[in-house]
Amino acid sequence: MSSPNDALAVQEVVEAEGHLIDSHIMEQIFDAVVEYGGRFEVEKFSIGRTNSEPSHLRMRLSAPDQDRMRKLLVHLLGLGCSPVDAGDAALAEAESDRCAPEDFYSTTNHRTQVRAGGQWVDVQNQRMDALVVVSGGGARCRRLRDLRTGDRVVVGMRGIRVTPESKERDRLAFAFMSHGISSERQVETAVRQTAALVRQTMESGKKVVVVAGPVVVHTGGAPPLARLIRDGFVHAVLSGNALGVHDIEAALLGTSLGIRTADGRQEEHGHRNHMRAINAVYHAGGIRQAVESGRLESGILFECVRAGVPFVLAGSLRDDGPLPETVTDMNQAQDAYAAQLQDAGLVLCLGSMLHSIAVGNMLPSWVKIVCVDINPAVATKVSDRGTGQAVGVVTDVGLFLELLSKALAP
Ligand SMILES: NC(=O)c1ccc[n+]([C@@H]2O[C@H](COP(=O)([O-])OP(=O)(O)OC[C@H]3O[C@@H](n4cnc5c(N)ncnc54)[C@H](O)[C@@H]3O)[C@@H](O)[C@H]2O)c1
């Protein structure tokens with residue numbers, strides 16, 4: 001009869017370093033080994049003795065066969081646990097555009113290094129679901145569609161180090177986030193802490209990016225969001241055609257999808273109003289021109305144009321119009337979003353499942369996301385895609401924005 005200490009056929013020694021205990025990474029590592037039918041033997045463990053000192057783990061793994069060991073190592077890599085004997089990362093050339101070698105390494109959103117020419121180099125442009133291309137001694141995340149013939153792509157899982165984000169040490173700033181999703185009752189706390197995060201982000205020279213859906217306008221959130229833009233707290237707005245249409249409809253006609261923003265009543269023939277708004281923008285030649293000509297005098301996009309805050313409106317299958325600025329080529333829309341997310345320190349996702357999840361996929365794990373939605377499942381979905389840095393505030397987005405603009409009022 002075999003004892004639990006008997007070694008299985010295939011062995012490997014792995015190491016991990018970081019805040020392994022209080023970030024619960026250690027238990028995830030052990031669970032993964034068991035889940036893949038393997039065994040572990042801890043050879044060395046030293047616990048970090050201070051707030052900032054990392055812990056260090058070295059353990060011998062056994063698995064029943066090569067295939068299970070390979071799958072286990074891929075899983076452990078995402079937890080920051082990599083083989084000790086790592087030489088350089090293996091590279092293989094792309095044979096043609098957009099065609100990666102079969103066993104390409106697929107990235108997480110965590111800080112990643114690869115070993116090239118005997119040196120560990122930081123992977124630039126970190127995001128999930130990308131490949132790592134090594135060139136000229138550097139390494140960079142590249143989306144599959146951006147891969148070009150001859151690119152040298154990291155394959156396998158050796159010579160790769162991943163550092164998962166550890167739990168916040170400054171527990172004050174992101175405290176409401178430690179429990180993942182905060183409920184309606186805690187909304188004032190969430191607003192206060194979001195305001196503190198906005199200030200902190202700006203002090204550190206990073207951008208605050210707002211991702212917003214049309215429900216921001218429907219719930220009366222347009223005036224407070226416009227104020228936040230005017231007061232300099234927003235550095236880019238990422239949205240879709242609908243936000244633009246309803247924001248402009250509200251500014252020109254005082255309705256949002258035909259409902260009067262002043263008293264919440266249905267305006268007679270109001271259902272045409274969003275088309276009238278689009279028509280007005282077509283007449284002006286575009287949103288910027290509508291602002292410059294004095295046709296558009298208030299609203300979210302008006303403040304963006306006036307303050308020089310970039311906005312991106314991504315198209316979708318259900319769009320009316322669309323507005324001239326709406327980017328209908330989805331690859332270009334993704335690129336435009338990604339460009340605005342460079343140097344973001346905080347992203348506020350406000351009432352848009354589609355755009356919040358899209359943005360979550362583009363961000364590295366050290367950029368914080370506050371996801372405000374009436375439906376707790378949306379925040380969970382953003383986290384499920386691997387963006388563990390997201391927390392949800394379950395409340396009405398109009399109310400949230402009103403409180404946030406008051407909390408940040410100069
Ligand atoms: N007329 C148009 O052109 C038009 C109209 C609607 C949508 N669209 C497009 O369709 C796409 C998806 O639209 P979307 O982002 O609105 O849809 P979505 O379903 O992705 O997101 C809407 C989100 O708002 C949340 N929500 C609803 N009421 C709320 C409230 N009071 N407070 C907080 N959150 C609330 C929902 O739970 C949901 O998660 C976009 O590209 C949009 O531009 C176009």
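In each ligand, atom 1 is the first atom listed, and ligand 1 is the first ligand listed.
Taking 4.5 Å as the limit, some side-chain heavy atom of Leu363 sits within range of a side-chain heavy atom of Gln389.
Counting only N and O atoms by type, the side chains of Ser256 and His246 include no donor and acceptor under 3.5 Å apart. In this model, no donor atom of one side chain and acceptor atom of the other lie less than 3.5 Å apart for Thr219 and Asp396. Checking Arg276 against Asn279 by side-chain atom types alone, no donor-acceptor pair falls below 3.5 Å.
Ligand 1 has Thr395 within reach: a non-hydrogen atom of the residue lies less than 4.0 Å from it. Using a 4.0 angstrom heavy-atom cutoff, Val245 does not count as in contact with ligand 1.
The Ser316 neighbourhood of ligand 1 comprises atoms 9 (C), 10 (O), 11 (C), 41 (O), with distances under 4.0 Å to a heavy atom of that residue. Listed by number with element, the atoms of ligand 1 under 4.0 Å from a non-hydrogen atom of Thr219 are 31 (N).
Both the backbone and the side chain of Asn241 come within 4.0 Å of ligand 1, judged by heavy-atom distances.
Of the candidates His246, Lys381, His355, the one placing a heavy atom closest to atom 41 (O) of ligand 1 is His355. Of the candidates Ile278, Asp319, Ile374, Leu243, it is Asp319 that places a heavy atom closest to atom 44 (C) of ligand 1. Looking at Ala242, Pro322, Gly220, Ala277 and measuring to atom 43 (O) of ligand 1, the nearest heavy atom belongs to Ala242.
Considering backbone and side-chain N/O of Val215, none are found under 3.5 Å from N/O of ligand 1.
Counting only heavy atoms of the protein, atom 24 (O) of ligand 1 lies nearest to Gly351 O, 3.4 Å.
Shortest non-hydrogen contact noted between Pro83 and Glu12 is CB-OE2, 3.7 Å.
Arg145 pairs in a salt bridge (Lys or Arg N to Asp or Glu O under 4.0 Å) with only one of the listed residues (Asp335, Asp129, Asp97), which is Asp335.
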